[in-house]
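Counting starts at 1 for both ligands and their atoms, following the listed order. The analysis underlying the following values was restricted to heavy atoms, covering all of them including side chains, and did not include hydrogens, waters or symmetry mates.
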Amino acid sequence: SLPVPPMSIRFDPAGGTLQPEGPTLTRRMSDLEGLFRDHAAWEQAVADGDPVVYSVVSSRVPEVERELPQSITTIQPGSTAGELWMTKGHQHPNHQGEIYLGISGHGGLLMFNGTETEWVDMTPGTIGYMPPGWAHRSINVGDEPYSFLAVYPGGAGHDYGWVLEHGMGRRVLAGETGVEFVDYSAD
Ligand code: PAN
Ligand code: ZN
């Protein structure tokens, strides 16, 4: 990847794009295998049109040591067997910190360090901080798309196997009066 010059990057909320634009990632339900509590409901959702659950648009700043890449994630509203739509979640293998900034909609940032879980409610203007060693997953808890900016060290790496192996401590469900949490141990 080529180094980039100092620059301004604009986010177009209507189009969900960055200018100048970098790589874009689309995560459909089929990409979230093994993550929802109700496997049969997940399979059914894949069969029923395999909806887009979230997308990630990145700037052109490369994911290499000493650079500071950014991306904007947009999670669609929805739930599968009561479990709110979410990102896959990952650990940074080199245990580096990260910040998120809420842009629009209502979400949450679930963090897990292998023992404890933490929850940060995310609305526009909230900065969520993930210390080194805390795996993180984002959840849309509202009824419109939830978008946030992520800024992370270029050498952080993304370990998705860690979450498949260790879980995230808690699951986030749509309750009668708001968000409800259940322990992974209840699966
Ligand atoms: C974010 C995430 C993004 C998508 O940019 O990568 O929200 O979530 P998953 O990577 O878990 O699918 C970030 O935390 N980067 O480090
Ligand atoms: Zn991260």
Side-chain angles (χ1 to χ4, degrees), residues 1 9 11 13 16-18 21-36 42 50-78 80 83-114 117-124 126-142 145-172 184:
S1 49
I9 304 158
F11 177 56
T17 54
L18 287 176
E21 71 177 350
T24 294
L25 234 155
T26 301
R27 294 290 187 213
R28 292 182 176 276
M29 190 56 84
S30 53
D31 296 310
L32 275 66
E33 181 162 18
L35 298 176
F36 286 95
W42 169 80
D50 194 15
V52 170
V53 178
Y54 63 98
S55 60
V56 185
V57 296
S58 298
S59 77
R60 288 187 182 168
V61 177
E63 290 191 346
V64 299
E65 207 64 57
R66 288 150 55 92
E67 290 279 5
L68 200 58
Q70 329 83 32
S71 60
I72 291 175
T73 302
T74 301
I75 309 176
Q76 297 305 312
T80 297
E83 195 168 0
L84 288 161
W85 284 6
M86 58 189 174
T87 60
K88 293 171 77 166
H90 59 267
Q91 177 70 282
H92 295 160
N94 301 326
H95 285 189
Q96 300 188 47
E98 177 165 10
I99 61 159
Y100 287 173
L101 170 66
I103 294 177
S104 60
H106 186 191
L109 168 54
L110 179 69
M111 292 176 269
F112 181 51
N113 69 357
T117 61
E118 286 293 341
W119 175 255
V120 173
D121 188 60
M122 295 287 296
T123 54
T126 306
I127 297 173
Y129 178 59
M130 287 140 277
W134 288 76
H136 38 280
R137 164 178 287 164
S138 297
I139 295 102
N140 188 341
V141 305
Y146 162 53
S147 292
F148 63 94
L149 169 74
V151 184
Y152 54 98
H158 293 86
D159 182 355
Y160 294 96
W162 193 94
V163 168
L164 286 170
E165 189 178 338
H166 299 95
M168 282 299 302
R170 287 181 200 166
R171 294 188 177 282
V172 187
Y184 262 67

How wide is the angle at the Zn ion (ligand 2) between NE2 in H90 and NE2 in H92, to the nearest 10°? 90°
I need the nearest protein heavy-atom contact for [atom]: residue, atom name and distance, please.
atom: atom 7 (O) of ligand 1; answer: T73 OG1, 2.7 Å
atom: atom 1 (C) of ligand 1; answer: Y100 OH, 3.5 Å
atom: atom 8 (O) of ligand 1; answer: T87 CB, 3.4 Å
atom: atom 2 (C) of ligand 1; answer: H90 CE1, 3.6 Å
atom: atom 11 (O) of ligand 1; answer: G89 N, 2.8 Å

For ligand 1, which is the ligand I care about here, please tell me if [X] has any N or O atom under 3.5 Å from one of the ligand's N or O atoms.
X: V56; result: no
X: Y54; result: yes
X: Y160; result: yes

Does any donor atom in the side chain of T74 or S147 lie under 3.5 Å from an acceptor atom in the other side chain? yes
Please tell me whether Y160 and Q91 have a donor and an acceptor in their side chains that are separated by less than 3.5 angstrom. no
Side-chain (R27) to main-chain (K88) donor-acceptor, under 3.5 angstrom: no
Hey, does the side chain of N94 reach the backbone of Q96 with a donor-acceptor pair shorter than 3.5 angstrom? no
Only heavy atoms of [X], strictly under 4.0 Å: list the atoms of ligand 1 that pass.
X: F148; result: 7 (O)
X: H136; result: 14 (O)
X: E98; result: 1 (C), 13 (C), 14 (O), 15 (N), 16 (O)
X: H158; result: 15 (N), 16 (O)

For the residue pair H92 and H158, categorise the inter-ring angle as parallel (less than 30°), tilted (30 to 60°) or perpendicular (more than 60°). perpendicular
In terms of the angle between their ring planes, are H90 and H136 parallel, tilted or perpendicular, with boundaries placed at 30° and 60°? perpendicular
Please step through side chain to side chain donor-acceptor pair (under 3.5 Å) for the pair R170 and T117, ending with a clear verdict. CA-CA 7 Å; R170 287 181 200 166; T117 61; 2.9 Å; yes
So L68 and V151, side-chain contact (heavy atoms from CB on, under 4.5 Å) or not? Walk me through it. CA-CA 7 Å; L68 200 58; V151 184; 3.7 Å; yes
So, 4.0 Å and heavy atoms of S71: is ligand 1 close enough to count as a contact? yes
Would R137 count as a contact of ligand 1 if the rule is a heavy atom under 4.0 Å away? no
The Zn ion (ligand 2) - closest N/O/S atom in E98: OE1
At a threshold of 2.8 Å, where the distance has to be below it, does the Zn ion (ligand 2) have an N, O or S atom of H136 nearby? yes
Pick from E83, M86, M29: which one makes a side chain to side chain contact (heavy atoms under 4.5 Å, CB included) with L35? M86
Is the positively charged end of R171 above the ring of Y184, judged by distance under 6.0 angstrom from the centroid and angle within 45° of the axis? yes
